[in-house]
Amino acid sequence: MQQLVLDLGLPTGPSLQNFCAGANEAALAHLKLWLGPADLTRRSPVPSYLWGGNACGKTHLLQAMGTALQEQGARVGWLDATVQVAPEFDESWACVLMDDVHAFSTAQQQLAFNWFVHAQTLQMAVLASGSLPPADLKLRDDLRTRLSGGHVFALQALSEPEGRAVLRQAADVRGIALSDEVMDFMLTRFSRDLGSLMALLALMDGYALQTRRAITIPLIKAMMDNT
């Protein structure tokens, strides 16, 4: 049977609290320390760069940092490879967030470099992510140098046992009896990205409640036939 790829997104927004660190505890602790309390008047201007493959949590962490800062009443600059028209650099930003820099176009690299220069002049931090370590990025030299000039963390995707443990814990919180058979089915037939699996769990829970059935493989198949 062909593997299905389900990209449902997260049922709730990314946060530092719902990030499953696994082997990435050092990066999470670093970002929490940098964020500090809401009344912190000065944060370290040293840039931070997170790198790793798919589903290791890079975008989750950057979005979580943006959300946390906004909840503290701060504003941030955001740039990723999908942004075609970016705002002008704002000196009132608390920091600059750059996601998936490895995919930046020539124009986006120019913009990112300009933002970096402005940020460094104002002692403002840049938090960035990419799929490769800074030295291996196919970017202009001045941008690559700046990305490597601070804290660099290599992120690792959750191992299968870690993913199973997180999924099991999330099911227990929802009061769902998740059998090993169902767990195996979820992990072999759907995307193993943890965010998508969590969204799938929420969808299964809602469908089971709606149909008043236990969560089984036939229920999951029926749910997919009706979506």
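Phe113 belongs to a hydrophobic cluster whose other members, connected by ILVMFWY side-chain contacts under 4.5 Å either directly or through intermediates, are Val117.
No donor-acceptor pair closer than 3.5 Å links the side chain of Lys58 to the backbone N or O of Tyr49. Side chain of Arg43 to main chain of Leu35: a donor-acceptor pair is present (N/O by atom type, distance under 3.5 Å, no hydrogens or angles). Using modelled atom types, one side-chain atom of Gln72 and one backbone atom of Gly36 make a donor-acceptor pair closer than 3.5 Å. Panel note: side chain Gln109, backbone Phe104; a donor-acceptor pair is recorded below 3.5 Å. Trp34 places a side-chain N or O within donor-acceptor distance of the main-chain N or O of Ser44, the cut-off being under 3.5 Å. Judged by distance alone, with hydrogens and angles left aside, the side-chain atoms of Asp136 form no donor-acceptor pair with the main-chain N or O of Pro133 at under 3.5 Å.
Within the 4.5 Å cutoff, no side-chain heavy atoms of Ile220 are placed close to those of Arg189. Contact check for Gln110 versus Arg140: side-chain heavy atoms found under the 4.5 Å cut-off. Taking the side chain as every heavy atom from C-beta outward, Arg146 and Pro47 never approach each other to under 4.5 Å.
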Item to check | CA sep, side-chain torsions, deciding dist, call: Val96, Leu79, side-chain contact (heavy atoms from CB on, under 4.5 Å) | outcome: CA-CA 8 Å; Val96 170; Leu79 180 64; 5.9 Å; no
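For the pairing with Leu50, the side chain to side chain contact (heavy atoms under 4.5 Å, CB included) check across Thr59, Asn24, Leu31 returns one residue only, Leu31.
By the rule that hydrophobic residues join a cluster once side-chain heavy atoms approach within less than 4.5 Å of another member, Val83 and Leu143 end up as members of one cluster. Cluster annotation: Val46 and Trp51 are assigned to distinct hydrophobic clusters (Ile/Leu/Val/Met/Phe/Trp/Tyr, side-chain heavy-atom contacts under 4.5 Å, transitive). Leu155 and Leu97 fall within the same hydrophobic cluster, where Ile, Leu, Val, Met, Phe, Trp and Tyr residues are linked whenever their side-chain heavy atoms come under 4.5 Å apart, directly or through other members. Linking ILVMFWY side-chain heavy atoms closer than 4.5 Å, directly or via other members, places Met186 and Ile217 in a single hydrophobic cluster. Note: the hydrophobic cluster containing Met183 also contains Met223 (ILVMFWY, side chain heavy atoms under 4.5 Å, direct or indirect links).
How far CD1 of Ile215 is from CZ of Arg213: 10.5 Å, rounded to the nearest 0.5 Å. Atom OG of Ser129 sits about 9.0 Å away from atom CG of Asp80, to the nearest 0.5 Å. With values rounded to the nearest 0.5 angstrom, Thr106 atom OG1 is found 10.0 Å from Leu139 atom CG. Taken to the nearest 0.5 Å, the CG atom of Leu127 stands 11.0 Å off from the CG atom of Asp99. To the nearest 0.5 angstrom, Thr121 atom OG1 is 8.0 Å from Phe89 atom CZ. Of the inter-residue distances, the one linking Gln210 atom CD with Asn226 atom CG reads 9.0 Å to the nearest 0.5 angstrom.
Smallest separation of non-hydrogen atoms from Ala81 and Asp100: CB-O, 4.3 Å. Between His30 and Ser48, the shortest heavy-atom contact is NE2-OG, 2.7 Å. In plain terms, the two heavy atoms of Leu16 and Ala64 that are nearest each other are N-CB, 3.6 Å. Contact between Ala157 and Ala55 at its shortest, heavy atoms only, is CB-O, 3.7 Å. Nearest heavy-atom pair, Leu137 versus Arg144, reported as atom, atom and distance to 0.1 Å: O-NH1, 3.2 Å. Closest of all the heavy-atom pairs between Ser131 and His102 is N-ND1, 3.1 Å.
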Considering only distance and modelled atom types, tabulate donor-acceptor pairs under 3.5 Å from the side chains of residues 162-170, sequence neighbours left out.
residue: Glu162; atom: OE1; partner: Ser159; partner atom: N; Å: 2.9
residue: Glu162; atom: OE1; partner: Ser159; partner atom: OG; Å: 3.3
residue: Arg164; atom: NE; partner: Glu160; partner atom: OE2; Å: 3.2
residue: Arg164; atom: NH1; partner: Asp184; partner atom: OD1; Å: 3.1
residue: Arg164; atom: NH2; partner: Glu160; partner atom: OE2; Å: 3.4
residue: Arg164; atom: NH2; partner: Asp184; partner atom: OD1; Å: 2.5
residue: Arg168; atom: NH1; partner: Leu178; partner atom: O; Å: 2.1
residue: Arg168; atom: NH2; partner: Asp180; partner atom: OD1; Å: 2.7

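In this pair, His60 and Phe19 present their aromatic rings tilted. The plane angle is within the 30 to 60° band. Using cut-offs of 30° and 60° on the angle between ring planes, the pair Trp115 and Trp93 is perpendicular.
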